[in-house]
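Here is how names work: the chains are called A, B, and so on, in the same order as the sequence lines, proteins then strands, and each is numbered from 1. As a basis for the values below, the full set of heavy atoms in this structure was taken, side chains included, without hydrogen atoms, waters or symmetry mates.
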Amino acid sequence: MESVHIAHVGEYIGQEVKVHGWLYNKRSSGAVLFLIVRDGTGFIQAVMAKGQVPDKDFAACDRLTQESSLVVRGTVRADRRAPGGYEITVTGVEPVSVAEEYPISLKEHGVDFLMDHRHLWLRTPRQVAIMRVRNEIVKAIRDFLDEREFVLVDAPILTPSACEGTTTLFETDYFDAKAYLTQSGQLYMEAAAMALGKVYCFGPTFRAEKSKTRRHLTEFWMVEPEMAWVDLDGDMGLQEDMVSYVVQRVLQRRAKELAALERDTSKLEKVRPPFPRISYDEAVETLRRHGVEFEWGNDFGGGDETILAEEFDRPVFVHGYPTACKAFYMKPDPDRPEVCLSADLLAPEGYGEIVGGGQRIDDPELLARRIEEHKLPAEAYKWYMDLRRYGSVPHSGFGLGIERTVAWICELEHVRETIPFARLLNRIYP
RNA sequence: UCCCUGGUAGCUCAAUGGUAGAGCGGCCGGCUGUUAACCGGUAGGUUGCAGGUUCGAGUCCUGCCCAGGGAGCCA
């Protein structure tokens, strides 16, 4: 008898199969027992009638609790009444482990309770759908970059100093010296781009900021491509191609999951290049037109980003930010040094900044001056300066936040559901 | 760090300053097609913690703790 995953039972109509899974729910009508079984690939109802299986088996199943593990044997049958289209007529059931009283019911729960039980919450249909979409997004990014001949170069997680020196870092002890958890692999990617041309890193990043919003995690994942010989324009071109590719791939391959999440896919269909590009100056004008009192030189807040994004039906680039409010390595616009060759990509529907990127300073003198102006330890950035001393070239890159992208594509309220085990300001359990 | 809201049964919630309750889950029983099944019964409480006001506090006051939402912060 063949063991099958629920997602594939449709290929076994009329055959007797084995399904290994967990009891999601159970209903009974006296002499008929309905077992709703899940195995991670799907859900299926197994129907068991008294008299058609040994009484001992029937009684044992009647006692099974929610989330008990079991092996069901039975014949696959197409049934219009079944939500998935198929049912199993049980010929035998082997309980594996009877679960204790399960904390998560099929009724509503509060966020705090669910987060405390994240290890079990992950088993519910909605969370399973989100994890599958996340997986598809990650795979699509890797496939896209691979097709374009980017090389995956892993950046270190333990770093000797801040990449930008400003934001708060998680400090750790490194054999009696201080080390920090990385907040970006970018500087290392710049080194790698000078070796390999087109590279990217993909890994966790850590920010010890006390941010308490639906868009922030203290530990999150970023993909950071970096390209030698590419300017800001080429950088934005790659971003719109990549984001469009990812969205279309998810629409194509995860339609079932998006439907389970009740995602309005018509809005995602529109995500195709080219994306609109507006300058920081135009963005400020737009905000003022909407009645926002905005001073030139400030960075945008969450509400500002939403107003800007709502002007368009696809993600929008905002480029040419004031040099003063961006990182030290951003290349100033040669025609207008008060703004820099940077660009943020704002997702539609209020999801805010999903990408930040730009062209890096390639002039050694200017970079040295910036490091000094930002009061960064020159010694720690000696290797970074070397990249400009030995064959400097124009180069650009960006960082895309995985969780914000997942939240947007899945249309979620909060990024805490986009990562298996979220790390938040007040949460490091489970 | 600041502002707002909340904390009552395992969970989700109700209770005019006057006997702490319901639904779900648990347990016991019933039902041969249930779809978050349904029906009957039953157990289940230091009302976040510490003070205070009052004849009487889940309810009002003060402090603290925790959570949620937002702000700030944030490639």
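Contact annotation for A:Glu224: base contact, defined as any heavy-atom pair under 4.0 Å involving a base atom. Residue-level contact check: A:His414 touches the backbone only, with heavy atoms under 4.0 Å from sugar-phosphate atoms and none from bases. The residue A:Met330 sits apart from the nucleic acid: no heavy atom pair falls under 4.0 Å. Residue A:Gly110 is classed as a sugar-phosphate contact, given heavy-atom separations below 4.0 Å to backbone atoms only. A:Arg126 comes within 4.0 angstrom of nothing in the nucleic acid, heavy atoms only. Among the atoms of the strands shown, only primed sugar atoms or phosphate atoms (P, OP1, OP2) are found under 4.0 Å from some heavy atom of A:Glu353.
When rounded to the nearest whole Å, the span between NE2 of A:His216 and P of B:rG69 equals 14 Å. In this structure, the CG atom of A:Asp62 is 13 Å from the C1' atom of B:rC27, given to the nearest Å. A:Ile36 places its CD1 atom 9 Å from the P atom of B:rA36, with the value rounded to the nearest Å. Note: CG (A:Leu424) to P (B:rA67) measures 10 Å, nearest angstrom. Taking atom CG on A:Asn25 and atom C1' on B:rC38, their separation rounds to 13 Å, with Å as the unit. Straight-line distance from the CG atom of A:Asp299 to the C1' atom of B:rA71: 15 Å, rounded to whole Å. Rounded to an integer number of Å, the gap from A:Tyr24 OH to B:rU34 C1' is 15 Å. Between the CG atom of A:Asn298 and the P atom of B:rG72 there is a distance of 11 Å, given to the nearest Å.
Considering only side-chain N and O atoms, A:Arg416 lies under 4.0 angstrom from the phosphate OP1 or OP2 of B:rG69.
Listed candidates were B:rG68, B:rC24, B:rG33. Nearest to the side chain of A:Lys107 is B:rC24. Side-chain atoms of A:Glu209 lie closest to B:rC74 of the nucleotides B:rG68, B:rG33, B:rC74. Among the nucleotides B:rU1, B:rG33, B:rG68, the one closest to any side-chain atom of A:Lys212 is B:rG68. With B:rC24, B:rG33, B:rA71 as the candidates, the nucleotide lying closest to the side chain of A:Thr213 is B:rA71. Nearest nucleotide to the A:Gln45 side chain, out of B:rU32, B:rG72, B:rG33: B:rG33. When distances are taken from the side chain of A:Glu101 to each of B:rG26, B:rG33, B:rC11, the shortest belongs to B:rG26. The side chain of A:Phe34 lies closest to B:rU34 when the candidates are B:rA67, B:rU34, B:rG69.
As rounded to the nearest Å, B:rG30 and B:rA22 have P atoms that lie 24 Å from one another. For the P atoms, the distance from B:rG68 to B:rC27 is 31 Å, rounded to whole Å. Between the P atoms of B:rG48 and B:rC66, the separation comes to 16 Å (whole Å). Of the P atoms belonging to B:rC24 and B:rG41, the separation is 12 Å, rounded to the nearest Å. B:rG21 and B:rU32 have their C1' atoms separated by 37 Å, given to the nearest Å. As rounded to the nearest Å, B:rC74 and B:rA15 have C1' atoms that lie 44 Å from one another. Between B:rA14 and B:rG44, the distance separating the two P atoms is 24 Å to the nearest Å. Taking atom C1' on both nucleotides, B:rG52 is separated from B:rA57 by 11 Å, rounded to a whole Å.
The pairing partner recorded for B:rG18 is B:rC55, the criterion being a Watson-Crick or G-U wobble arrangement whose two distances lie under 3.5 angstrom. In this structure, B:rA71 and B:rU1 make a Watson-Crick or G-U wobble pair, each of the two defining distances being under 3.5 angstrom. The partner of B:rC38 is B:rG30, judged by Watson-Crick or G-U wobble contacts that both fall below 3.5 Å. B:rC64 is paired with B:rG48 under the Watson-Crick or G-U wobble criterion, all donor-acceptor distances under 3.5 Å.
Relative to the six-membered ring of A:Phe317, A:Arg277 meets both conditions, a distance below 6.0 Å and an angle of at most 45° to the axis.
More than 12 non-hydrogen atoms from other residues, nucleotides or ligands lie less than 6.0 angstrom from CD of A:Glu11.
Residue A:Ser28 places a side-chain atom within donor-acceptor reach of the base of B:rC31, judged by atom type and a 3.5 Å distance cut-off alone. Donor-acceptor pairing under 3.5 Å, judged by distance alone, is present between the side chain of A:Glu87 and the base of B:rG33. Residue side chain A:Ser211 does not reach the base of B:rC74 through any donor-acceptor N/O pair under 3.5 Å, judged by distance alone. For A:His109 against B:rC11, a side-chain-to-base donor-acceptor contact under 3.5 Å is absent.
To the nearest 0.5 Å, atom CG of residue A:Asp304 and atom NE2 of residue A:His290 are 11.5 Å apart. The distance from the CH2 atom of A:Trp296 to the CD atom of A:Glu285 is 13.0 Å, given to the nearest 0.5 Å. Rounding to the nearest 0.5 angstrom, the gap separating the OG1 atom in A:Thr182 from the OH atom in A:Tyr188 is 7.5 Å. Put simply, OG1 on A:Thr159 and CD1 on A:Ile157 are 10.0 Å apart, with the number rounded to the nearest 0.5 Å.
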For the pair A:Arg263 and A:Glu349, evaluate salt bridge (Lys or Arg N to Asp or Glu O under 4.0 Å) and give the outcome as yes or no after the intermediate values. CA-CA 12 Å; A:Arg263 212 307 174 199; A:Glu349 300 172 68; 3.0 Å; yes
Criterion ring pair (Phe, Tyr, Trp, His ring centres under 6.0 Å) on A:Phe300 and A:Phe294, from CA distance to verdict: CA-CA 9 Å; A:Phe300 302 122; A:Phe294 194 92; 5.2 Å; yes
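Position along RNA chain B of the nearest nucleotide to A:Asp344 versus A:Leu106 favours A:Leu106 as the more 5'-ward residue. Of the two residues near RNA chain B, A:Phe398 and A:Glu108, the one whose nearest nucleotide lies more 5' is A:Glu108.
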